[in-house]
K.L.:
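Below: one structure in structure tokens.
All values below come from the heavy atoms of this structure, side chains included, with hydrogens, waters and symmetry mates left out.
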Amino acid sequence: MGKNQQGYIIEFVQMGTAVKVSAIDPVTNIEVSTVGSVHHSERHMTNVAVRKLEYRIAKEREAGRLKSRS
């Protein structure tokens, strides 16, 4: 597990020929996961997970379940 540039926590778990990547925002405690092939780069999988997390955070804000960051 480690943090990326945005401050999200990223975790990789290999399961056979697949890798589960979880991205967690420590501010909102929102977590998302994605699964990809072990043949994809770590950078690619991180980008996919972060984009999914940022999409989810935006949707939660739109729905009024989160306050906007100042």
K.L.:
Going by salt bridge (Lys or Arg N to Asp or Glu O under 4.0 Å), name the residues that satisfy it together with Lys20, two or more places apart in sequence or in a different chain.
P.N.:
none
K.L.:
Quick one: does Tyr55's side chain get under 4.5 Å of Val32's, heavy atoms only?
P.N.:
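No, too far: nothing below the 4.5 Å cut-off.
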K.L.:
What is the minimum heavy-atom distance between Ser22 and Ser33, and which atoms define it?
P.N.:
OG-OG, 3.1 Å
K.L.:
Measure the shortest side-chain to side-chain distance between Ile30 and Leu53 over non-hydrogen atoms and say whether it is less than 4.5 angstrom.
P.N.:
yes
K.L.:
How close do Met45 and Val19 get, heavy atom to heavy atom, and via which atoms?
P.N.:
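Scanning both residues completely, I find the closest heavy atoms to be CE-O, 4.0 Å.
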K.L.:
Are the side chains of Ile24 and Tyr8 in contact, using a 4.5 Å heavy-atom criterion?
P.N.:
no
K.L.:
Using the salt bridge (Lys or Arg N to Asp or Glu O under 4.0 Å) criterion, which residues pair with Arg65? Sequence neighbours excluded.
P.N.:
Glu60
K.L.:
Do Val48 and Val50 have side chains that get closer than 4.5 Å, going by heavy atoms?
P.N.:
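Result no, sub-4.5 Å side-chain heavy-atom pair not found.
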K.L.:
Report the residues that fulfil salt bridge (Lys or Arg N to Asp or Glu O under 4.0 Å) with Glu31, sequence neighbours left out, ordered by chain and then residue number.
P.N.:
none
K.L.:
For the backbone of Arg56 and the side chain of Glu54, can you confirm whether one donor and one acceptor N or O come within less than 3.5 Å of each other?
P.N.:
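Not at all, since once roles are kept as given, no pair shorter than 3.5 Å links the two residues.
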K.L.:
Less than 4.0 angstrom from a charged side-chain N to a carboxylate O is my criterion; do Glu62 and Lys59 meet it?
P.N.:
yes
K.L.:
Do Val38 and Phe12 belong together in a cluster built from hydrophobic side chains that touch within less than 4.5 Å?
P.N.:
yes
K.L.:
Looking at CG of Leu66 and CG of Asp25, how far apart are the two atoms once the value is rounded to the nearest 0.5 Å?
P.N.:
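Output value for this atom pair is 8.5 Å.
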K.L.:
Does Thr46 reach the side chain of Glu42, with side-chain heavy atoms less than 4.5 Å apart?
P.N.:
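Answer yes - side chains close enough.
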K.L.:
Measure the NZ-CG distance between Lys52 and Asn47 for me, rounded to the nearest 0.5 Å.
P.N.:
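The NZ atom of Lys52 sits 14.5 Å away from the CG atom of Asn47.
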